[in-house]
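Reading through the structure tokens given below for one structure.
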Amino acid sequence: MKILIIRYKKTRGVPEGGEKASELNHTVLSQIAGIEKVDTYFIHDEAHKRSMWEYLQGVIYMPLGYYFGLTPKRVREIVNKAQSYDVVFVDRSVFGIIAKRLKKTNYKGRVICFFHNVEAVYFSAKYSQLSFSLFSKQLSLNPMRWLVVSCANRNDRWSCRYADRTIALSRRDDDELFRRYGRRANQLIPIAFVDRYQSPTSPQSDTTSTPPLCMFLGAYFPANVEGIEWFVKQVLPHVSIRMQVVGKGMDKLKEADWIRPEIDILSNVPDLRPLFEAADIMVLPIFKGSGMKVKTCESLMYGKNIIGTPEAWSGYDLDYSKAGACCLTANEFIETINDFCQHPRPRFNEYARTIFLEQYSADRMYDKFKSVLED
């Protein structure tokens, strides 16, 4: 079985959350088919600086359903290349137009689409509205947001209509896809990681630091930034903690007028393990989004105590109170963090680590992917 994977980005440096999930997909598919029978077509390469013409093409073709980076010429190239493969694995539903073109040209192989999110929901959260006042009324308008969300919505629909098999991360996404497009996923495969954390390299004490270190992990992205701002304004003044923000591009936060000088901000960190081991608690105040949060899975892998919102925990099947806590309001965050301060517990959370090994490690995904390829 020969597989062609269509991926969004060839990352140079530290990958973002979605690309970490794509790496897992590639790893498991290579285990099933054999690495020599799996090839990848990248829509973007971070080593290639995009020209003004490429940006202009993105604007021109997006209203026709070609998400940024795709053009009719490139889709034809992919369709022609696909003829030599038994399976085309479209790694993001935002490229549903590829599934459409494959089926319209009578491609004989199997087309599988992996939904990292319900993309229309994801991009609605990513691109905020521009607000302005007119005749004493507050109005919202962002033409670029409408264009991107419309393109994502069309591609989600095409993925559901034309793919032979679809994969969603969670029941929530599956329900949303069915509500919008009338199709259930053939398989639910949650976020997972190849286990990179065998055992702690330093003594794992209780959360007795004075004050404890709370870490937020995530790239510079609107939902992440909004969550951090909310936490800094609503929670941080009422708890005694050290706060660390870690993620790709997060150095941009230093320019925000609400950021505090004592908050430690680290961007593009190549090795997160020492930071995870040093952190007492992961705080994940995320309120918007779709899919599952990669940062939550990574925190489970490292056996961390996690205090997150329902959005941060969405798609995860576990006991929140044993892994940390599920909090929605500022008061719930404040009370939970203060309880950690007053009643120290092990910094290494055995329950979180066990849940990762049993449910969210790459080894557990092999049979799920195999069933999609062979059914």
Side-chain angles (χ1 to χ4, degrees), residues 1-9 17-33 38-41 43 67 78 82 85-100 102-103 107 109-123 152-194 289-294 296-297 314-317 359-375:
M1 179 191 303
K2 291 187 65 179
I3 303 174
L4 177 63
I5 303 177
I6 310 298
R7 285 183 56 177
Y8 176 56
K9 186 173 12 181
E19 293 308 309
K20 292 180 180 180
S22 295
E23 286 290 345
L24 184 280
N25 293 344
H26 181 275
T27 297
V28 178
L29 291 173
S30 297
Q31 290 174 347
I32 295 171
V38 176
D39 292 321
T40 304
Y41 184 103
I43 305 300
Y67 185 68
I78 292 170
Y85 295 84
D86 304 297
V87 174
V88 175
F89 187 94
V90 183
D91 190 63
R92 290 180 188 245
S93 61
V94 79
F95 299 129
I97 196 169
I98 296 172
K100 178 182 178 182
L102 285 167
K103 289 304 178 181
Y107 169 66
R110 175 172 292 185
V111 179
I112 300 173
C113 186
F114 187 93
F115 285 77
H116 285 256
N117 315 273
V118 178
E119 297 289 5
V121 176
Y122 171 82
F123 283 108
N153 182 59
R154 295 170 75 180
N155 278 278
D156 276 345
R157 180 177 292 108
W158 289 332
S159 294
C160 286
R161 180 175 179 181
Y162 292 105
D164 297 296
R165 296 288 185 272
T166 59
I167 301 170
L169 293 177
S170 66
R171 180 59 60 192
R172 176 182 71 162
D173 283 8
D174 187 41
D175 288 342
E176 184 67 17
L177 290 170
F178 182 74
R179 185 185 72 80
R180 287 172 174 263
Y181 313 115
R183 178 174 179 175
R184 292 285 183 187
N186 296 94
Q187 182 66 274
L188 299 182
I189 303 180
I191 288 290
F193 273 93
V194 174
S290 180
M292 293 172 66
K293 302 300 171 283
V294 174
T296 305
C297 186
S314 181
Y316 290 91
D317 183 17
Q359 298 188 42
Y360 304 107
S361 66
D363 293 341
R364 300 294 180 178
M365 303 303 131
Y366 183 93
D367 289 339
K368 292 179 180 289
F369 274 98
K370 192 173 182 179
S371 71
V372 176
L373 289 171
E374 298 181 353
D375 283 354

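Here the structure is a predicted model, which means the values were calculated and not measured.
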Of all the heavy-atom pairs spanning [X] and [Y], show the shortest one and how long it is.
{"X": "Phe123", "Y": "Ala152", "answer": "CD1-CB, 3.7 Å"}
{"X": "Ala192", "Y": "Leu24", "answer": "O-CG, 3.5 Å"}
{"X": "Val88", "Y": "Ala82", "answer": "CG2-CB, 3.6 Å"}

How far does CZ of Phe95 sit from OH of Tyr8, to the nearest 0.5 angstrom?
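Spacing of CZ (Phe95) from OH (Tyr8) equals 6.5 Å.
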
salt_bridge([X], [Y]) N-O dist < 4.0 Å:
{"X": "Arg92", "Y": "Glu19", "value": "yes"}
{"X": "Lys2", "Y": "Asp39", "value": "no"}
{"X": "Glu176", "Y": "Arg180", "value": "yes"}
{"X": "Lys20", "Y": "Glu23", "value": "no"}

Donor + acceptor pair across side chains of Ser314, Arg172 (<3.5 Å)
yes

Do the side-chain N and O atoms of Tyr107 and Asp164 include a donor-acceptor pair separated by under 3.5 angstrom?
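No, no side-chain donor-acceptor contact under 3.5 Å.
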
Is Lys103 atom NZ crowded by more than 12 heavy atoms from other residues, nucleotides or ligands, each under 6.0 Å away?
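Counting neighbours around NZ of Lys103, more than 12 heavy atoms of other residues, nucleotides or ligands fall under 6.0 Å, so yes.
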
In terms of heavy-atom contacts, does CZ of Arg184 have more than 12 from other residues, nucleotides or ligands at under 6.0 Å?
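Buried by this count: over 12 neighbours within 6.0 Å.
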
Are [X] and [Y] close enough that some pair of their side-chain heavy atoms sits under 4.5 Å apart?
{"X": "Val38", "Y": "Ile5", "result": "yes"}
{"X": "Asp156", "Y": "Phe115", "result": "yes"}
{"X": "Pro190", "Y": "Tyr360", "result": "yes"}
{"X": "Arg161", "Y": "Tyr181", "result": "no"}
{"X": "Leu169", "Y": "Ile191", "result": "yes"}
{"X": "Tyr316", "Y": "Thr296", "result": "yes"}
{"X": "Ser170", "Y": "Leu188", "result": "no"}
{"X": "Ser159", "Y": "Lys100", "result": "no"}

If we ignore hydrogens and angles and just use 3.5 Å, is the side chain of [X] paired with the main-chain N or O of [Y] as donor and acceptor?
{"X": "Thr166", "Y": "Cys160", "answer": "no"}
{"X": "Asn117", "Y": "Tyr122", "answer": "no"}
{"X": "Asp173", "Y": "Gly291", "answer": "yes"}
{"X": "Asn155", "Y": "Ile97", "answer": "yes"}

Between Asp174 and Arg171, does the salt bridge (charged side-chain N to carboxylate O under 4.0 Å, His left out) criterion hold? Intermediate values first, please.
CA-CA 5 Å; Asp174 187 41; Arg171 180 59 60 192; 2.6 Å; yes

Only one of Leu373, Val372, Val87 clears side-chain contact (heavy atoms from CB on, under 4.5 Å) with Arg165; which?
Val372

Going by the side-chain contact (heavy atoms from CB on, under 4.5 Å) test, name the single residue among Leu29, Ile43, Asn25 that passes it with Asp91.
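Of the listed options, the one satisfying the test is Asn25.
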
Measure the acute angle between the ring planes of Phe89 and Phe114, then classify it against the limits of 30° and 60° as parallel, tilted or perpendicular.
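Ring orientation of Phe89 relative to Phe114: tilted.
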
